[in-house]
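Just so you know, these numbers come straight off a predicted model, no measurement behind them.
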Amino acid sequence: MENVDLTLLHPLLEKFSPEGRTALLPALHEVQDLYGYVPEQAAVEISKSLQVPLADIHGVLEFYSLLYNAPVAKTVVHVCTDPVCAMAGADSLFKVMNRKLELHELEGEDAPAITLEKAPCLGLCEHAPALMVRDKPVAPASPSTWEDIVTGKTYHANPIIAGDISVLTAGCQRGKPSKLADYLKVDGYSALQKALQISPEAVIAEVKASGLVGRGGAAFPTGLKWEGAAGAAGSPKYLVCNADEAEPGTFKDRIMMETMPHRVLEGIIIAAYAIGAPKGYMYIRGEYTIPYRTMSQAIEEARQAGYLGENILGSSFTFDLELRRGAGAYICGEETALFESIEGKRGFPRAKPPFPTTSGLFGKPTVINNVETLCNVPIILNGGAANYRKIGTEKSPGPKLFCMSGDVKRPGLYEVPFGVTFRHLLEDLAGGVRSGKQMRAALFGGAAGAFAAEEDLDVRLTFEDLRSAGLPLGSGVITVFDETRNMLDICLRLARFFAEESCGKCYPCQIGTQRQYEILQRVVRGDPLRDDFQRLQDLGQTMTDASLCGLGQTASLAISSAMRLWPELFQPKLWY
Amino acid sequence: MTDKITLTIDEQTVAVAPGTTILKAAGQIGIEIPTICFHDYCTSYGVCRICVVEVEGSRTLVPACIGKASEGMKVHTRTKRVETSRRTILEMLASSVDLSEAPGIQEYMTDYQANTQRFPEARERKPSVLDDNSLFIRDYAKCILCWRCVQVCADDAQYAYAINFSKRGYETQIGTFFEKSLPATTCVFCGQCIGVCPTNALKPKREYLLQNGLSEDEIMKLTRSQRKRRTRRQISSAEQSEEE
Ligand SMILES: Cc1cc2nc3c(=O)[nH]c(=O)nc-3n(C[C@H](O)[C@H](O)[C@H](O)COP(=O)(O)O)c2cc1C
Ligand code: SF4
Ligand code: SF4
Ligand code: FES
């Protein structure tokens, strides 16, 4: 067994010990920060201190891709190879870096201590191709970035934040986190003051009247969710903010947390007040180290100023928020898997019912909302539901953030009222397809979404219009592909993403995502088997119908839509 | 709780106590629904999905082993949709692991006309046999990840917590802390996991050796010396011998 110095570990574990198993991920993170990985002896100590069986710790370590149970090089470089970064040359970037690393190793002596890994979407799509170097984003990267990595330099471009309106993004400045003082200048925390002056029921009524629905993908009415948890038996209640954003192509929550952390926070506090939750958690994906930092700073500021903690703004309402880091698992964005992760377990989704509003985190009534959803809350309370409804359409009220990436001139975050057309978003805002080319397709909703084609350009971006066009809105992510793109290669990458991110709990998805990936490999090679089309269809239907959670249920949607749009790609001519 | 719930399953009406699963409700009127991961003595997590049924008004199929009956519910247990999912799940299983000693699943394969060769060129899960103790072997090339062994080892029965999962997704396997041999874990050799394993992935050592052509005498000798070794090891430090 390796020899590790455990003396550093004990003060750390003493802090976590009273919390028990829920502190497992935070403890593993800190241990890894200390040693660069989680040594076996340290895992034994964690087991004793948190009272978690050894085998369970092993299970957790093995589940999360950012946790290591064996030594890795001091600098781990993650190279995103999902569609957007792939189109920006991520594969050749990876190859070049790999060759440079091998050369260094051949030369011996001065070999830099670097581990190179391919990674799923890092949420930096507007600056593709993206890398993460020792937990820090480097984007856009180029072959010459290698020298910067070796010398320890990192940088990351500032995002484009634009659009027709500036409601959610009001006050957002590129590349600069707003401080409390900045936020106060744009009416910051006035909505919280208003909320505390009315009853929780009145807050819920206002949110219901606004017609706000969840922006995390499922579009569930927010007010109804809050009402469910407020009325449910059991205490304490919990408010959870889902900041696990890992849908390929999505980066809106990251930008909100980086530039407007207090708006997110204000939404969280109001939601907690509405449902009567004394404690909340915010679960930020492990790769998002900068948002984690801006959010912790904002929480500290808010606590100092009396917006968080005991008797908030002199009222009888007490609430505190704990930040949690994910550890490399897309599935932990699924609400029940996220609860399991906070509870210190593998991120296995739970069967529903029961729903979170009656039995969520620690089995208690819980509201879980997406970052963007919660950003709408202060706006609704400030201006009133009626004013809020003036934005957007009757059935899809409010502002919406869209993440535009891929082959567009100006990839970035665009805020628009619901109801503008896709064409407007693409041509007027994002500058149209890059290099004067035509659009071949656009992926709506990320990996879990579906492809749109030319004829969908005039679809209005609302829940109702997209539904009738058979397209998902998802979390508001649109990835554009120009006419030269190899759509099969894109499908293959989506299939690989799901095969790597399936948690493995239920058979249809555990095996189905792997088989789907294998079949697509054949198709891309140009030698599919005769029945592969039918095989893909049966797999897709089975995953959609019989999987336990949303991951498996959507894992074949983009590919099925591609098969509908371009059947000839999947079946070589001879078989027609 | 005397109020009964009335539902229909395949057009037959049945009244059950609140909280009854669709699986049990169907059983009451003699309708059989296939199950793989379900076990009367284990908590149901609904992992295999072979028991899915169509419930009117539900977007997806519903697993009968955990789905609860509700008033007025209309359930269909053998529609085309249901059959496609069940057949495909069986075909996927057959493409992944060795089901030669899982007669129950083989019967379903016949019943649903599942083609064992449906997924050619598929990567199988084929780890080698783990033979690290005198009670049983672990042949995870036969493991269908039904979770039962992990459950009985933990809160469903033994509270020994010797095994859990390694990796995730298709790569998932049942594993121990840092993949140690079973004697080096908290395993108490109660054998409960062997009892609930549906595929013979967990198999008594004797049966395994017999299958491999050893005679009774040879087996006696082998297991006796193994048992001795273990005792010696326990006397010396358990820690050291882990790494042998
Ligand atoms: C595989 C999977 C991944 C998900 N990832 C996220 C995510 O990263 N962020 C998010 O807000 N919701 C995600 N969701 C949706 C959540 O389960 C949940 O519906 C959402 O957080 C509810 O918040 P909302 O009502 O405000 O949208 C995901 C769902 C699935 C099935
Ligand atoms: S659908 Fe996939 S991700 Fe969801 S529980 Fe099943 S295996 Fe896990
Ligand atoms: S070893 Fe047997 S009991 Fe355990 S998960 Fe595998 S098949 Fe199920
Ligand atoms: S028997 Fe119901 S999911 Fe396995």
Please give me the minimum heavy-atom distance between Ala55(A) and Asn164(B), naming the atom from each residue.
O-CB, 3.2 Å
Report, in residue-number order, which members of residues 75-84 of chain B are under 4.5 Å from chain A by heavy-atom distance.
Arg81(B), Thr84(B)
If one checks every heavy atom of Ala122(B) against chain A at 4.5 Å, the contacting part turns out to be both
May I ask you to check whether His58(A) and Thr176(B) show a side-chain donor-acceptor distance below 3.5 Å?
no
So which of Pro120(B), Gly175(B), Ala160(B), Ser44(B) has the largest heavy-atom pair count under 4.5 angstrom toward chain A?
Pro120(B)
Interchain contact, Ala329(A) with chain B, by part (heavy-atom threshold 4.5 Å):
both
Pairs involving residues 145-170 of chain B, ordered by first then second residue, that meet ring pair (Phe, Tyr, Trp, His ring centres under 6.0 Å) (sequence neighbours left out):
Phe348(A)-Trp147(B), Phe348(A)-Phe165(B), Tyr45(B)-Trp147(B), Trp147(B)-Phe165(B)
Return yes if a side-chain donor-acceptor contact under 3.5 Å exists between Arg49(B) and Thr542(A), otherwise no.
no
Taking side chain as everything from C-beta outward and backbone as N, CA, C, O, which of these in Thr544(A) sits under 4.5 Å from a heavy atom of chain B? Side chain, backbone, both or neither.
backbone
Whatever's closer than 4.5 Å to a heavy atom in chain A on Pro63(B) counts as neither
What are the two closest non-hydrogen atoms of Val52(B) and Ala546(A), and how far apart are they?
CG1-CB, 4.2 Å
Using non-hydrogen atoms and a 4.5 Å limit, figure out which bit of Ser547(A) sits close to chain B: side chain, backbone, both or neither.
backbone
Under 3.5 Å, side chain of Arg515(A) to main-chain N/O of Arg123(B), donor-acceptor pair present?
yes
Contact origin within Cys51(B) toward chain A - heavy atom pairs under 4.5 Å
neither
First locate atom CD of Glu121(B), then atom CG of Asp532(A), and finally report the distance between them rounded to the nearest 0.5 Å.
8.0 Å
Closest approach of Ile66(B) to Ala351(A) (non-hydrogen atoms, all atoms of both residues)
CD1-CB, 3.5 Å
Heaviest contributor of heavy-atom pairs below 4.5 Å to chain A, chosen from Leu93(B), Thr185(B), Thr172(B), Val150(B), is Leu93(B)
Which bit of Leu61(A) comes within less than 4.5 Å of chain B, counting heavy atoms only: side chain, backbone, both or neither?
side chain
In this structure, CG of Leu529(A) is separated from CZ of Phe119(B) (nearest 0.5 Å) by 11.5 Å
Does Tyr507(A) use its side chain to pair, donor to acceptor, with the backbone of Ile144(B) at less than 3.5 Å?
yes
Against chain B, work out which of Val60(A), Val44(A), Leu539(A), Ile57(A) has the most heavy-atom pairs shorter than 4.5 Å and name it.
Leu539(A)
Using heavy-atom distances under 4.5 Å, tell me whether Gln534(A) contacts chain B through its side chain, its backbone, both, or neither.
both
How long is the straight-line distance from OG of Ser85(B) back to CE of Met543(A), given to the nearest 0.5 Å?
11.0 Å
Hey, is Arg168(B) close enough to Glu500(A) for a salt bridge, meaning N to O under 4.0 Å?
no
Is Ser95(B) in contact with chain A via its backbone, its side chain, both, or neither, using a 4.5 Å heavy-atom distance?
both
Contact winner vs chain A - Thr88(B), Ile163(B), Ile50(B), Val62(B), heavy-atom pairs under 4.5 Å
Thr88(B)
With only heavy atoms counted, which part of Gln510(A) is less than 4.5 Å from chain B, the side chain, the backbone, both or neither?
both
Quick one: what part of Glu179(B) sits under 4.5 Å from any heavy atom of chain A, side chain, backbone, both or neither?
both
For the side chain of Arg535(A) and the backbone of Arg118(B), is there at least one donor-acceptor N/O pair under 3.5 Å apart?
yes
At a 4.5 Å cut-off on heavy atoms, which part of Arg346(A) comes close to chain B: side chain, backbone, both, or neither?
side chain
Is there a salt bridge (charged side-chain N to carboxylate O under 4.0 Å, His left out) between Lys180(B) and Glu40(A) once you walk through the steps?
CA-CA 11 Å; Lys180(B) 294 196 175 301; Glu40(A) 186 185 322; 2.9 Å; yes
